[in-house]
4 protein chains.
Amino acid sequence: MAQAPNPDLRSLRSHRAILDAAVELAIRDGYAKVTVEAIAQAAGVGKQTIYRWWHSKAAVLLEALNDRTGPAARVPDTGDLATDLATATRAVMLLFNTPLGTIWRGLIADAQSDTRLAENLRTSFFEPRTARWQERLDAAVTAGELRADVPTQTMVELLFGPVYYRLLLGTAPLDPDGTTARVDYLLNGLRAR
Amino acid sequence: MAQAPNPDLRSLRSHRAILDAAVELAIRDGYAKVTVEAIAQAAGVGKQTIYRWWHSKAAVLLEALNDRTGPAARVPDTGDLATDLATATRAVMLLFNTPLGTIWRGLIADAQSDTRLAENLRTSFFEPRTARWQERLDAAVTAGELRADVPTQTMVELLFGPVYYRLLLGTAPLDPDGTTARVDYLLNGLRAR
Amino acid sequence: MAQAPNPDLRSLRSHRAILDAAVELAIRDGYAKVTVEAIAQAAGVGKQTIYRWWHSKAAVLLEALNDRTGPAARVPDTGDLATDLATATRAVMLLFNTPLGTIWRGLIADAQSDTRLAENLRTSFFEPRTARWQERLDAAVTAGELRADVPTQTMVELLFGPVYYRLLLGTAPLDPDGTTARVDYLLNGLRAR
Amino acid sequence: MAQAPNPDLRSLRSHRAILDAAVELAIRDGYAKVTVEAIAQAAGVGKQTIYRWWHSKAAVLLEALNDRTGPAARVPDTGDLATDLATATRAVMLLFNTPLGTIWRGLIADAQSDTRLAENLRTSFFEPRTARWQERLDAAVTAGELRADVPTQTMVELLFGPVYYRLLLGTAPLDPDGTTARVDYLLNGLRAR
DNA sequence: CACTAATCGAGACGGTACGTCTCGTCTTCGC
DNA sequence: GCGAAGACGAGACGTACCGTCTCGATTAGTG
């Protein structure tokens, strides 16, 4: 990702143009068809200006996405744990169903062969969000709503694993309406009673 | 994917050589660094021979992997559901921790931008395996061990989602030893009792 | 220069197209403005096809020029040495006054910083032509028309040095009509009688 | 070329540093490898400072060379014409055999595609020197030592043409020891007696 | 002596071309 | 007559410089 470009420099205008152009192209042509060259051209910018601040098109798009989705928000805390979980996972699914979801898939794909990108993905996206979730879940554990013997990190994986499974493997569409049920399965288990 | 080459031809020898070379290269250099050209050279084969039977290096590697891991096996049925689930998911994790796991990540990555490959992945890998799982889970539902109100397809996702989450997002290593606990969480739920 | 591309290969058509496009572009835009990229585009050819057979645009244009001016011809031998020298140097000047002269200047310019090109220039152009001249001059020495104590190599330089001086330094236009006088100066010397 | 920068300004220091850095880099890396950027860095100067006074690296190096070789000196006049000619051309060859000769070749090369540079080369170098030579040769004509029917401009070309021929075409090394003989050929002609 | 205006270094900027790489197709020649 | 070998058109890669354009941070000379 960009190493904090001095915002005083002329780059500011270019910076924005690059992020916007990258997203626009990714939406129009698909993540894989985007090239650094095309971004530069669409942004009215020299290629070197992109390479000066980012390592790859993936780094550009990651920043663009982080830029658009904002920082990790605190998970809702309405007092009703099940509803909070459902609300938040539903929001994620809705996001994944927009064109940004396709870009997100592309980024995760690239991260499989780009260690640096993978690291950026984790530190700039997954870790802050997971941390927020862990706060919320820790509170629920303290409140006696959740088992204390399950690591909250694992709970997060149980919650989102199935979402990413569908996102990346395409075995079934992401259905935001199924979240309530899914949260129920998770909280109450699959064992017959 | 390849349509059964005439086994009389020298193609047979080439076919094997291609699959082997592809896997070897992928293990040695990493999935992303493999090129059709390199496979052809390593297999002592013309590029055209590869393109005659496969669409891309991904198709080659998918066949090679299917070739090595064999067809979808029936999920074990020892009578103890929890153990069966743990045993089987543990086997998957062990596989993902070998070099073949890396190839698998590469294939899933490519599938994000290659619809045909994604389709092949599903039909040749996920669907048969999911079907086997569903058989086992259906039996458990019938036996009154699992809730009847949860689609077995969803159960499969709940079981494997977290595994693929770690495989593809790298937020934590795949630990085969944690499977028993994870099956417990799934069967009994996260809610405090 | 090309290392004898097998003329049976498909390259033949491309080979011609490249040489022609290069010359055309050099004439239209000037030698310095020609780029490998532009040649490729104008010839309807991939860049790699040019780099496969030549090291640089200079190598392409050298071959194109050699191709157009043909191999080194024997210097005329009418029996009148002075006339023969004048005729032949005049022909060189006339050539240098065509657009090919401009290309020739560009090649010599590039050769100043490209050892390989310089070598090619010498072996493919200067040496064969100088050899022809030396044959003719040797004959004249034997015939008692020229001093025997002057190396013919030096004579060639005395003859063409001033031509290249004007071509490359531009201190005066190349005037083909002055050749007869110049040959006189050379044969009879500048000393007052 | 630079129009005399105000010597009061810090420019002066920069001016010198630029000329020195340019020559040093040209000697170290070869004329063609020198870039304005590298000169600026080596001189501890902003690029713009170079472009403020010169059009190109060639202009810088031309001034640096003129700066180092001094203004055109009057050709020696010892009374012995042949010796004077040999002495002076010998000095030129010796200069061309130093690293400055390589820079000189580079400048002439660039001048083939840079009209402005070519003009500067002529006015700042060739014309003053040719003028000096013409003075000396005119005197010799008047003294009855040289033919009156040969333009002195032409004589200069006959004298230096072969030197530049070797310098630029590299067909043979510049041998300062051969000058006496060469002057003999020129004065007495190549015709057998 | 403080202040203003010019000039400096530094280097980012929009561009162009480089020479390399890989793609998927096409062609040739040897076995 | 099949298939290895590899040339082909295409086009993106990441780099190097170009010549122009901000930026502050020194100066220099003026008030």
Side-chain angles (χ1 to χ4, degrees), chain A residues 5-6 8-15 17-18 32-41 43-57, chain B residues 6 9-11 13-14 17 32-41 43-52 54-57, chain C residues 5-15 17-18 32-41 43-57, chain D residues 5-6 8-15 17 33-41 43-52 54-57:
Chain A
N6 182 341
D8 301 345
L9 295 179
R10 167 143 70 114
S11 42
L12 211 92
R13 197 173 34 252
S14 305
H15 203 81
I18 290 165
K33 292 232 176 82
V34 176
T35 68
V36 173
E37 225 149 54
I39 296 173
Q41 178 139 18
V45 136
K47 264 204 292 183
Q48 196 62 238
T49 300
I50 296 182
Y51 284 112
R52 193 164 7 249
W53 305 112
W54 295 277
H55 302 304
S56 60
K57 71 163 179 180
Chain B
N6 181 340
L9 301 176
R10 25 182 169 165
S11 343
R13 195 168 45 248
S14 303
K33 292 232 174 85
V34 176
T35 67
V36 172
E37 225 148 56
I39 297 173
Q41 177 141 21
V45 138
K47 273 205 291 183
Q48 201 55 244
T49 304
I50 295 182
Y51 281 113
R52 196 166 4 253
W54 296 278
H55 303 305
S56 60
K57 71 163 178 180
Chain C
N6 183 338
D8 301 346
L9 296 179
R10 164 145 71 118
S11 44
L12 209 91
R13 196 172 38 251
S14 304
H15 202 81
I18 290 166
K33 293 232 175 82
V34 176
T35 68
V36 172
E37 226 149 53
I39 296 174
Q41 178 138 18
V45 137
K47 267 205 292 184
Q48 196 66 60
T49 301
I50 296 182
Y51 282 112
R52 189 170 299 118
W53 303 112
W54 295 278
H55 303 304
S56 60
K57 72 163 178 178
Chain D
N6 182 338
D8 300 347
L9 301 176
R10 29 185 169 159
S11 346
L12 200 84
R13 198 170 41 250
S14 303
H15 200 82
K33 292 232 176 83
V34 176
T35 68
V36 172
E37 227 148 54
I39 296 173
Q41 178 140 21
V45 138
K47 272 204 290 183
Q48 199 58 246
T49 302
I50 296 181
Y51 282 112
R52 189 154 24 238
W54 295 278
H55 303 304
S56 60
K57 72 163 178 177

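In what follows, chains are A, B, ... by sequence order, proteins preceding strands, each numbered from 1. The basis for the numbers below is simple: all heavy atoms, side chains too, and nothing from hydrogens, waters or symmetry mates.
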CA sep, side-chain torsions, deciding dist, call: Trp54(C), Ile18(C), side-chain contact (heavy atoms from CB on, under 4.5 Å): CA-CA 11 Å; Trp54(C) 295 278; Ile18(C) 290 166; 3.7 Å; yes
What are the atom names and distances for every N/O pair under 3.5 Å that joins the protein to nucleotides 20-22 of chain E?
| residue | atom | partner | partner atom | Å |
| --- | --- | --- | --- | --- |
| dC21(E) | N4 | Gln48(C) | OE1 | 2.6 |

Sequence-distant partners of Thr49(C), side-chain hydrogen bond (donor to acceptor under 3.5 Å, both in side chains), two or more places apart: none
Between dG19(E) (P) and Trp54(C) (CH2): distance, integer Å: 15 Å
Where Ile50(A) and Ile39(A) come nearest, the two heavy atoms and their spacing: CD1-CG2, 3.7 Å
Along DNA chain E (nearest heavy atom to each residue), the more 5'-positioned of Ser56(C) and Ala43(A): Ala43(A)
Reported NZ-to-NZ distance for the pair Lys57(A) and Lys33(A), which is rounded to 0.5 angstrom: 10.5 Å
With sequence neighbours excluded, residues passing side chain to side chain contact (heavy atoms under 4.5 Å, CB included) with Gln41(A): none
Whole-Å distance separating the CD1 atom of Ile50(A) from the P atom of dA12(F): 13 Å
Rounded interatomic separation in angstrom, taking NE2 from His55(B) and P from dG24(E): 11 Å
Integer-rounded Å distance: dC17(F) P and Ile39(D) CD1: 12 Å
Spacing of Lys57(A) atom NZ relative to dG14(F) atom P, expressed in whole Å: 10 Å
Length of the line joining Arg52(C):CZ and dA10(F):P, which is rounded to integer Å: 13 Å
Under 4.0 angstrom between Ser14(A) side-chain N/O and dG14(E) OP1 or OP2: yes
Glu37(A): partners by side-chain hydrogen bond (donor to acceptor under 3.5 Å, both in side chains), with sequence neighbours left out: Lys47(A)
Nearest non-hydrogen partners of Gly46(B) and Ala40(B), listed with the distance: C-CB, 4.1 Å
End-to-end axis angle, where each axis spans five pairs of the helix from dC1(E)-dG31(F) to dC31(E)-dG1(F), to 10°: 20°
Residue-phosphate contact under 4.0 Å: Thr49(B) side-chain N/O, dG3(F) OP1/OP2: no
Atom pair distance, as rounded to whole Å: CZ in Arg13(D) and P in dT7(E): 16 Å
